[in-house]
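One structure is given below, encoded as structure tokens.
Keep in mind that what you see is a predicted model, and the values were worked out from it rather than measured.
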Amino acid sequence: MPLCVVITKYDKRNDDFDLTFEKLKESLRRFVGDREIEFCRTSSFTGDAEELEEFLEKIQDESQRILAEKYKKRILTIAENTENYLMATLKNSQMSESELDEQEEKLGKQRQTLESRFSKEQGEFNLEIADCVAEIRSDVQNALNAEESTLVTMALNNQNINDHLNSVVRNAVTVSVKKRLIPKIEKYVRHMEKVINTESMGDVHVSFAFDAKDLNEGMTSTVVSAVAGLIIIGGPFGILIGSIVGLAIKLFGENKKREEARQKIRAKLQQEVFPQILREIENVVETAVTKQVKQVNTSINEKRY
């Protein structure tokens, strides 16, 4: 479905609106990924809601197309499978008892073969996912290391590094998921499609297809959303980050040299903050990916039977 954010009382905006608006857009990307968002403004002073009205009329006009696109492939697949089943049923109704016994035995062997191929594909894929989570963790670590100097400087200047850390981690996870996870998911689904579509259970040919675009967008959005809320003030990261800023203030209060303060803050980041973030990221990403893969396998299992 299309997404729209309505900004009410737009006429009462202050001078900081443009900056606040950009931050809002950035925050929304944490939860919806790269999906397109339309923004509409309304005015309480003039009663103007024209942009919102146009948006609502637009999705109303496109509602049938949106619905059709969503269910078209599913319905065609179900219709084809149903046709194949009915044709096989009609044919089997004319078989003798011995022919039916022979067909049952044949189907049993085919099912065992199919189950074996499924188990092999899923086992190999699970091993790849475990490696993939480790790769995503490594990408986040590299991104944090690359931003170390910036974070140290921000802490020295008594700036809040929380938002910057959030942005670095979120962007790193987004890029890594698209680069490392999505290709593995696509490969796995293609293999499963091939296994299902090349096997016929008796005279019934089962067709199976996945919407790769929806799968990729959903996978990326879910994983990034799970990561988005990790680095929060008051949580374990907030405590560590607060201690860094406090450390900087204390060192300067004691007239320590700037370079000494820089080294202590860098050590704090490398020994406490980064490891804590990476542990949490690994746990959250693994949980989110496992959940998504389970949903994919559930859909595949529904097609199998």
Side-chain angles (χ1 to χ4, degrees), residues 26 29-35 118-152 161-195 210-232 235-237 240-241 266 268-300:
E26 175 64 22
R29 291 192 192 99
R30 290 160 41 185
F31 300 99
V32 300
D34 295 330
R35 286 187 62 184
F118 270 118
S119 296
K120 181 176 180 293
E121 292 288 347
Q122 289 180 347
E124 292 177 352
F125 179 62
N126 288 336
L127 292 176
E128 289 187 353
I129 290 301
D131 292 339
C132 185
V133 171
E135 290 172 348
I136 293 174
R137 181 188 187 281
S138 179
D139 288 340
V140 174
Q141 183 173 10
N142 291 336
L144 289 171
N145 289 337
E147 291 296 315
E148 181 191 88
S149 296
T150 299
L151 294 168
V152 170
I161 66 175
N162 190 70
D163 288 343
H164 189 65
L165 268 174
N166 247 324
S167 179
V168 169
V169 171
R170 187 173 61 253
N171 291 338
V173 170
T174 301
V175 172
S176 189
V177 166
K178 291 181 178 179
K179 177 182 177 182
R180 302 189 184 281
L181 176 62
I182 297 303
K184 286 182 171 62
I185 295 288
E186 289 180 337
K187 178 183 176 183
Y188 173 63
V189 171
R190 284 198 302 270
H191 282 188
M192 285 304 199
E193 284 181 346
K194 186 176 181 181
V195 169
F210 250 102
D211 189 323
K213 182 180 178 182
D214 283 350
L215 177 65
N216 294 349
E217 289 179 353
M219 186 75 68
T220 304
S221 177
T222 299
V223 177
V224 174
S225 295
V227 169
L230 275 181
I231 311 173
I232 54 174
F237 301 146
L240 290 172
I241 292 166
R266 179 175 290 116
K268 195 84 170 177
L269 287 170
Q270 289 290 347
Q271 296 171 15
E272 296 184 41
V273 176
F274 289 177
Q276 175 73 12
I277 290 176
L278 292 171
R279 283 193 294 271
E280 294 293 334
I281 288 296
E282 188 169 19
N283 290 336
V284 169
V285 169
E286 184 175 10
T287 300
V289 170
T290 301
K291 180 180 178 181
Q292 289 295 295
V293 170
K294 185 176 180 181
Q295 291 179 356
V296 171
N297 284 333
T298 298
S299 297
I300 290 172

Within-4.5 Å side-chain heavy-atom neighbours: R29 and R35: no
Side-chain donor/acceptor of T174 to backbone N/O of R170, under 3.5 Å: yes
Contact check, side chains of V289 and V177, non-hydrogen atoms, under 4.5 Å: no
4.5 Å side-chain heavy-atom contact, R137 and V285: no
Distance (rounded to the nearest 0.5 Å) between L269 CG and L151 CG: 6.0 Å
Side chain proximity check, N145 to Q141, heavy atoms < 4.5 angstrom: yes
Partner residues of K120 under the salt bridge (charged side-chain N to carboxylate O under 4.0 Å, His left out) criterion, sequence neighbours left out: E124
Side chains of T290 and V133 in contact at under 4.5 Å (non-hydrogen atoms): no
Shortest non-hydrogen contact from V168 toward E147: CG2-CG, 3.6 Å
Heavy-atom donor-acceptor pair, T287 side chain to N283 backbone, under 3.5 Å: yes
Minimum side-chain heavy-atom gap I129-L181 below 4.5 Å: yes
Nearest heavy atoms of T150 and H164, plus distance in Å: CG2-NE2, 3.8 Å
Lys/Arg-Asp/Glu bridge criterion (N-O < 4.0 Å) met for E282, R279: no
Rounded distance [0.5 Å steps], CD1 in I277 versus CG in L144: 5.5 Å
Approximate separation, where rounding is to 0.5 Å, of L278 CG and I136 CD1: 12.5 Å
Listed partners of R180 passing side-chain contact (heavy atoms from CB on, under 4.5 Å), at least two apart: C132, E135, D139, S176
For N126, side-chain contact (heavy atoms from CB on, under 4.5 Å) partners two or more places apart: none
